[in-house]
Amino acid sequence: MNNIGLYPLVQNETIKLWKKRRFLVILLILAALIPMFTYAQMKVAQNNKKQFGSQDWRLVTQQQINDYTNRLASSRVPEEWKKYMRVQVKVLQYYLDKNVDPKAPNGVTFTSTFVANAIGLFIPLMVMVLASDLVSSEHSTGTIKLLLTRPVQRWKVLASKYIALILYISLTVFATMALAYLISGLVFGYGGWNLPSFTGFKIVGSEVDLSYVHPVPQWLYVLMQLGLVWFSALIVGLMSLMVSVLVRSTAAGMGIMLAVLIAGSILTNMVSSWQTAKYLFMVNLSLTDYLSGRMPPIEGMDLAFSMTVLAGWGLASLIVSFLVFTRKDILN
């Protein structure tokens, strides 16, 4: 009789994930790396002060604009890079015109910048560590046979793993942002929640449409980033768990996802002329770039497109996982 409910299965999977101590390892990694990034950011601010004689953000931003403009005049710079530079010049000039420092040094802006840089590879790698052996490790230890001899439907077993994974993905994303804010705030201060930040930049080719740009308080901007980072991490988690279902070897599963994520990070900087690459999930992971007005990897991509592509990959991974897991021959 299939009389075991979903809740005790979820509770069991949550406890198993906790006992693996991988979430604690992730917290330790964050606690070790974030101070390094904070120190690097502090050194940048000190170097700007030495270079310009002050920490006037307007001078720093104007210098960035001048650097981009000078590089645009060079014939040795590839056209793809020039498109990116033209977009950045217009975005930075917009902040100058509005007299708003896009990188005001405080804990909030550090957190915002940190997660924007981490969404493409760092956070997906942490999620992969959590998800890559949820099923494959059960094969190697033999516990999958014991679990499936109990009166429980297979779909409930896999669903409980997904639910537990979503819980830990949420904790990982929240912990990343919380630790970034708490640690960087010791150096830069904890203020800045109500400072304005602009979003709504629309990239059309190498032009920037400013008609939709509007200011939002930093707390709202960070919440928007939090949602996008969580969604991106969720898709990576679904993909990793699918690989864990398909591949019985934990090492092989982790190797596959590691190779895919690193390849995606490289492709993002190289695929501007490969139009069909925009349908690859790893090229669409950096959702927060659309908030800040950064140029997409491939012309024509926008936030709605990337979220749709990611949702499609996530749904496909769920379907494949349940189809394979419910029909797989566990004894062989």
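Around atom CH2 of Trp193, more than 12 heavy atoms belonging to other residues, nucleotides or ligands sit under 6.0 Å away. Around OH of Tyr190, the count of heavy atoms belonging to other residues, nucleotides or ligands within 6.0 Å exceeds 12.
Contact between Ile298 and Lys278 at its shortest, heavy atoms only, is CD1-N, 3.4 Å. The shortest heavy-atom contact between Val283 and Pro297 is O-CG, 3.9 Å. Across Trp313 and Met239, no two heavy atoms sit closer than the pair CE3-CE, 3.6 Å. Contact detail for Leu27 and Ala175: the closest heavy-atom pair is CD2-CB, 3.6 Å. Nearest approach of Phe114 to Ala180, heavy atoms of both residues: CD2-CB, 4.0 Å. A pairwise comparison of heavy atoms in Pro196 and Pro215 identifies CB-CB, 4.4 Å as the closest pair.
Rounding to the nearest 0.5 Å gives a distance of 8.5 Å between CG of Leu17 and CG of Leu167. In this structure, CE on Met85 lies 10.5 Å from CG on Asn70, to the nearest 0.5 angstrom. The CG atom of Leu28 sits 10.5 Å away from the CG atom of Leu33 when rounded to the nearest 0.5 Å. In this structure, CG on Leu125 lies 9.0 Å from CE on Met254, to the nearest 0.5 angstrom. Distance check, rounded to the nearest 0.5 Å: CG of Leu30 to CZ of Phe37 gives 9.5 Å. A distance of 12.0 Å separates CD1 in Ile262 from CG in Leu267, rounded to the nearest 0.5 Å.
Classification of the Tyr168-Phe23 ring pair by plane angle, with boundaries at 30° and 60°, yields perpendicular.
Side-chain contact between Lys90 and Gln93 is absent, with no heavy-atom pair separated by less than 4.5 Å. Counting only heavy atoms from C-beta outward, the side chains of Val89 and Arg86 never approach each other to under 4.5 Å. Taking 4.5 Å as the limit, every side-chain heavy atom of Gln218 sits out of range of all side-chain heavy atoms of Asn194. Side-chain contact between Gln153 and Thr326 is absent, with no heavy-atom pair separated by less than 4.5 Å. Between Phe305 and Asp302, some side-chain heavy-atom pair lies under the 4.5 Å cut-off. Counting heavy atoms from C-beta outward, Val87 and Arg294 have side chains that stay 4.5 Å or more apart. The shortest distance between side-chain heavy atoms of His214 and Phe198 does not fall below 4.5 Å. Residues Gln63 and Asp67 are in side-chain contact: their nearest non-hydrogen atoms beyond the backbone lie under 4.5 Å apart.
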**Message:** Could you walk me through whether Leu246 and Val320 satisfy the side chain to side chain contact (heavy atoms under 4.5 Å, CB included) test, starting with their C-alpha distance in whole Å, then the side-chain angles of each, then the deciding distance to 0.1 Å, before giving a yes or no?
**Reply:** CA-CA 9 Å; Leu246 297 175; Val320 171; 4.1 Å; yes
**Request:** Show your reasoning for whether side chain to side chain contact (heavy atoms under 4.5 Å, CB included) applies to Phe110 and Ile183.
**Result:** CA-CA 10 Å; Phe110 176 88; Ile183 294 174; over 6 Å; no
**Request:** For Leu165 and Leu238, run side chain to side chain contact (heavy atoms under 4.5 Å, CB included): C-alpha distance rounded to whole Å, both residues' side-chain angles, the deciding distance at 0.1 Å, then the answer.
**Result:** CA-CA 9 Å; Leu165 176 62; Leu238 298 182; 5.5 Å; no
**Message:** Using side chain to side chain contact (heavy atoms under 4.5 Å, CB included), reason through Leu241 and Ser321 one step at a time and then give a plain yes or no.
**Reply:** CA-CA 8 Å; Leu241 188 46; Ser321 297; 5.5 Å; no
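Through direct or indirect side-chain contacts shorter than 4.5 Å among Ile, Leu, Val, Met, Phe, Trp and Tyr, Ile319 is connected to Leu315, Leu323.
Pairs engaging residues 111-123 under the side chain to side chain donor-acceptor pair (under 3.5 Å) rule: Ser112-Gln225 [sequence neighbours left out].
If you chain together hydrophobic residues whose side chains sit under 4.5 Å apart, Val115 and Leu195 never meet in one group. Residues Val324 and Leu318 fall within the same hydrophobic cluster, defined by Ile, Leu, Val, Met, Phe, Trp and Tyr side chains chained together at heavy-atom separations under 4.5 Å. Both Met224 and Leu234 sit in one connected hydrophobic cluster of ILVMFWY residues. Membership requires side-chain heavy atoms under 4.5 Å apart, directly or through other members. The hydrophobic cluster containing Met307 also contains Ile235, counting ILVMFWY residues as joined when their side-chain heavy atoms lie under 4.5 angstrom apart, directly or transitively. One hydrophobic cluster, built from ILVMFWY side chains closer than 4.5 Å, cannot hold both Phe174 and Ile169; they sit in different ones.
Under a 3.5 Å cut-off, the side chain of Ser244 and the backbone N or O of Ser240 do not form any donor-acceptor pair. Side chain of Arg22 to main chain of Val129: a donor-acceptor pair is present (N/O by atom type, distance under 3.5 Å, no hydrogens or angles). Put simply, the side chain of Ser160 gets close to the backbone of Val157: a donor and an acceptor are under 3.5 Å apart. Proximity of a side-chain donor or acceptor of Lys161 to a complementary backbone N or O of Leu134 within less than 3.5 Å is detected. Proximity of a side-chain donor or acceptor of Ser232 to a complementary backbone N or O of Leu228 within less than 3.5 Å is not detected. For Asn12 (side chain) and Pro8 (main-chain N/O), no donor-acceptor pair under 3.5 Å exists by modelled atom type. A donor-acceptor pair is defined here as one N or O able to donate and one able to accept, closer than 3.5 Å; no such pair exists between the side chain of Asn284 and the backbone of Tyr279.
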Atom pairs and distances, side-chain donor-acceptor, residues 285-292, under 3.5 Å, sequence neighbours left out:
from, atom 1, to, atom 2, distance (Å)
Tyr290, OH, Ser306, OG, 2.6
Ser292, OG, Asp289, O, 3.3

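Side-chain contact, Thr109 with Asn106: a donor N or O sits under 3.5 Å from an acceptor N or O.
Here Tyr162 and Phe322 bring their ring centres to under 6.0 angstrom of each other.
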